[in-house]
Structures are given as C-alpha cells and as structure tokens.
Amino acid sequence: MWGEGKVRNVMGTSFFEVEKRDARTNARTGVVHTSHGDVPTPVFMPVGTHATVKTLDASDLEELDAKIILSNAYHNALRPGDELVNDLGGLHGFMKWDRAILTDSGGFQVFSLASLRRLDDQGVTFRSHWDGSEVVWTPEKVVRIQRNLGSDIMMPLDQCIELPASEDRVEEALERTLRWLDRSLKEPRKETQHLFGIVQGGISPSLRRRSAEETIQRDCPGFSIGGLSVGEEKSAMYEMVDVVTEILPQEKPRYLMGVGTPLDLVEGVARGVDMFDCVMPTRNARNGTLFVHEGKINIKRSEYRNDDRPLEEGCSCLACRRYSRAYLHHLFRVNEILALRLNTLHNITFYLNWMREIREAICEGEFDAFLKKARESLTT
RNA sequence: GUGGGUGUAGCUCAGUUGGUUAGAGCACCAGGUUGUGGCCCUGGGGGUCGAGGGUUCGAAUCCCUUCACUCACC
C-alpha cells in the first residue's frame, strides 16, 4: 500500500535528513536543520499567529520543549507590520524566541477571509480585517514580508479553495499556485530561509498528482500539502495524502498544513508526513476541550465539578502536575484567564508528547502497533 | 390608608382586535471546532402565564376578588 520508497540521506549540513524508516508504513523520523536549531521529525508546530502561541510566552514554549512554532505573514504584516518586526530583530528577536519559526503566507486567509478579497493572477486584494483598508498582495510581496519577519521556513502565497469545487476551479487554483511559486522563488530571501512549495488539487487524485509532479520540479527544500481539512471527508483527506506523498521526494520534508486531530497526526505520519500544524490544541484549549490518550475531556461538563483527579495521570504539564479537574472546571466556568493558559499548556504538552511517542515508536520499530492502537482508541 | 404601576422559564423581557402545542436573549445541560479572535455553530431540558373565581366554543389577554413588589400622596 505504501510502497518501499528509497531513502537517500543527504550528508553534511543539508536542510533535512531522514534517520529511521518504518518497515511497514511510510513513517520515518528525521531532522530538519535550521539556523535556529534542529527539529526532530515528525513534528507538530504550535500555532502562534500573532507572534505568540496564545496564552504562552517563549519561555513557556522552551519549557515544553517545543523546537519550532508557526506564525503568520498575513497577520503580522497587518499588525504590527513586517518592517517594524524587522527593525526589532525579526520575529525571533521581537518575541525572544531563538528556536525555529515557520511562517504561513496568508494563502489560507485568502480562503478563510474570502468575503474580504478580490483575486486575480497578479495577486490578491484584501480589505484588512482590522480597519477595512485595502491591501494588495502579490507572491513577491509575501516573500518580502517573510524576509522581514525572518522566519526559518516560509510558505509561498497559494490559492486554497473551498470544497466542494468544480474540477475547473480546482485546476485553475492549482495552476495559479504553481505560477505564484515560480514568482516567489525569484524573490530574494535570506540564505538561512527556506521556501517550500505547496501542493494543491482539491480532492481529485489526478489533479493532486499533477500538482505534486509539477511542484517537485521546482527547487524547493521541502513540500507542503495544502487545501485539505477544509470540509472534505476524512477518507478523502487521507487518500490525497497517500497520492501526494507517493510522488514527493523521499529526501525532503513533507508538511501537511493545518492538520489536525491526534489521530490525523498518526495517520499522516503513517503516510510519510513529517510536519504538522493545527490550531486545534490551542483553540480547543480555549473552548474547554482537552486532549488525553483516551480521547477528549470537555472540562465544561458538570461531572468534573467535584473531580479531584488530574486531567491525565502521568502528564508532565503544569495543569496535571498541580491542579485538579475540579479546579480547571471552576476556572473555566468563571471565565478566568488562568483557565485558558492551563488548558493551553496541557494541550500543547499533549501534542508535543504525542509526537515524541510517535518518533519513539518509529525508532523502536513499533509504529505499526502504535498506529493500530491509535485507530482503536481514538475515533477522531 | 388613598391612588397609580408591575407580576409570563433561573434572569431580563416579547406576546397583535381573545384563536393551534405560550416565545426570544442570556443562563443551564450536551455535541461540534483542523495553514486562530476567548469567537462561533448545532441540539436539549426547563412554565399550574402570582393565586382564586367568572364571562366565552376558546383566556397570558376581558371582568371580579385576593396576594406580592414598587412609586406618589397622606
């Protein structure tokens, strides 16, 4: 099913190295080398849209042992402004985070803020969601923004479309994404910055293949799989990941954008994905949904009002080490800021530990069993 | 004591000239949340319409009595 792909380790100071490949699936461990440190893969990148992982600061993230976070070109360019960030030492200096940063281009905002935009081949015209002023985006400008932000890994402007969509529209978005990638690659960036290509193609296997085959012709150090988890069936998403990872080169990292649930991460890894990001652990933390190995805990539920146990026995996070479900329930119910912070600490800890467990399972040759167990115990 | 006002879901209130099974917002109970606004979405439980009597085919709605709260004046 997953084939027996070739491993071609690149020696020396290459951007990415595959370390261990699973025998029965496409899962592999590796390391992404950046000028802000090494990142063991498969990795989950906490989302810090506005130069902060909401409720946490850089020292929190260091304590949680995060090696890389994700931020956003669109949001940071509007506020506080990428030139200001550049003056203040880039995102790293600004937020005092000296580990790796990946920035998303704002391509997803073209999609999610669709009512505010006008799009043609030249680029995108937005109305700022802050003050309504008009901003024009081109692929070149988006690279310039990310150069100012100083991220280690940057995404080109792409076109992510709503599903379901006609074959024609998917194809048009796919072609435009490729043209925009070519323009992005011509725009200067710092030597230490790496620009990924993004594969589109909706939920059409043939268009996905075409997008992947075209994209890998470009000189990119890694490839992203975009346009998924936007309302399609879960089975379709997994199938698209299968289709694409079969084509992407083994020696370069694959990044599945915006995904996903703990089970999605395992399923993605099984298909050869190395990098993930998702708002789910942080957003759900703020909405009272907490991840544990058995599934999810909705801390709002009244059954936790008198529950003296920690969220999850053995969890290393502050919320679990020190506080009870009853206390977390209370804090959430009375809308205390601390609830959001403790919940976020827990969910990020869970996600980072989850990826660590995945890496260990691969290293020990037990990923297959790990995958099987995850499928049995997790439904989403 | 006299005169006026108000009593409808836990809270704040809609409810047409009397007309199906009395509604909304918030709260409560429970789901959802996938390249981020603590937002938002979807369900659910909950009412002797202050109480009693009357008119009527039919009353939250009209009439009488009564109770509670409230305002003004003694």
Side-chain angles (χ1 to χ4, degrees), chain A residues 44-56 68-76 78-79 101-113 129-130 142 146 151 153-163 177 196-200 223-234 236-238 240-241 254-265 267-268 273 275-291 295-305 329 331-344 347-348 351 378-380:
Chain A
F44 176 81
M45 304 179 282
V47 175
T49 300
H50 294 284
T52 167
V53 175
K54 294 186 192 301
T55 77
L56 307 183
I68 181 170
I69 62 172
L70 177 142
S71 197
N72 186 286
Y74 169 79
H75 290 283
N76 283 302
L78 292 189
R79 284 194 184 182
I101 297 176
L102 180 150
T103 44
D104 187 21
S105 61
F108 187 73
Q109 280 65 41
V110 172
F111 159 75
S112 66
L113 304 175
H129 67 280
W130 289 112
V142 167
Q146 291 177 95
S151 48
I153 302 172
M154 56 170 78
M155 295 298 125
L157 188 63
D158 66 330
Q159 190 184 356
C160 179
I161 61 171
E162 52 274 17
L163 297 175
T177 296
F196 279 29
I198 303 180
V199 175
Q200 290 288 346
F223 296 100
S224 306
I225 306 170
L228 291 177
S229 226
V230 290
E232 77 281 6
E233 290 290 318
K234 193 144 274 206
M237 175 174 91
Y238 292 156
M240 291 308 104
V241 174
R254 297 86 171 262
Y255 163 32
L256 181 53
M257 306 180 80
V259 173
T261 66
L263 182 57
D264 287 340
L265 302 186
E267 295 284 2
V273 175
M275 304 166 68
F276 303 86
D277 81 283
C278 190
V279 301
M280 189 166 282
T282 38
R283 176 188 285 163
N284 280 12
R286 296 193 308 281
N287 294 330
T289 302
L290 302 167
F291 292 95
K296 295 183 286 191
I297 284 184
N298 186 343
I299 201 64
K300 290 177 289 214
R301 289 174 61 121
S302 53
E303 67 175 284
Y304 302 119
R305 192 175 47 192
H329 171 84
L331 291 177
F332 197 87
R333 295 302 292 262
V334 296
N335 249 307
E336 280 294 338
I337 294 169
L338 182 58
L340 309 181
R341 175 170 162 74
L342 289 175
N343 289 352
T344 301
N347 275 354
I348 291 299
Y351 264 66
L378 301 175
T379 52
T380 56

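Residue numbers start from 1 in every chain, and the chains themselves are labelled A, B, ... in the order their sequence lines are given, proteins ahead of strands.
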Worksheet item: Dot-bracket, RNA chain B: Watson-Crick or G-U, under 3.5 angstrom, [ ] crossing, | other strand?
Response: (((((((..((((.....[...)))).(((((.......))))).....(((((..]....)))))))))))).
Fill in: Other residues, nucleotides, ligands: >12 heavy atoms within 6.0 Å of A:Glu303 CD
yes
Fill in: Residue of the set A:Leu338, A:Leu342, A:Leu290, A:Leu340 for which side-chain contact (heavy atoms from CB on, under 4.5 Å) holds with A:Phe332
A:Leu340
Discussion item. Taking the P atom in each of B:U6 and B:G43, what is the distance between them to the nearest angstrom?
Written reply: 36 Å
Fill in: For A:Ala285 against A:Asn343, the heavy-atom pair lying closest together
O-ND2, 3.2 Å
Practice prompt. Ignoring hydrogens and angles, tell me if any N or O in the side chain of A:Asn347 forms a donor-acceptor pair with the backbone of A:Arg286 under 3.5 Å.
Written response: no
Item to complete: Could you tell me whether the side chain of A:Thr103 and the main chain of A:Met154 form a donor-acceptor pair under 3.5 Å?
Response: no
Discussion item. Using the side chain to side chain contact (heavy atoms under 4.5 Å, CB included) criterion, which residues pair with A:Thr261? Sequence neighbours excluded.
Written reply: A:Lys234, A:Leu263, A:Asp264, A:Met280
Worksheet item: Short question: side chain of A:Asn72, backbone of A:Thr49 - any donor-acceptor pair under 3.5 Å?
Response: no
Worksheet item: With a 4.0 Å cut-off on heavy atoms, is A:Arg333 in touch with a base, just the backbone sugar-phosphate, or nothing at all?
Response: sugar-phosphate
Worksheet, complete the sentence: When every non-hydrogen atom of A:Tyr304 is compared with those of A:Asn298, the smallest separation belongs to CE1-O, 3.1 Å
Worksheet item: What string of B, S and - do you get for nucleotides 33-40 of chain B, 5' to 3', when a contact is any protein heavy atom under 4.0 Å?
Response: BBBBSBB-
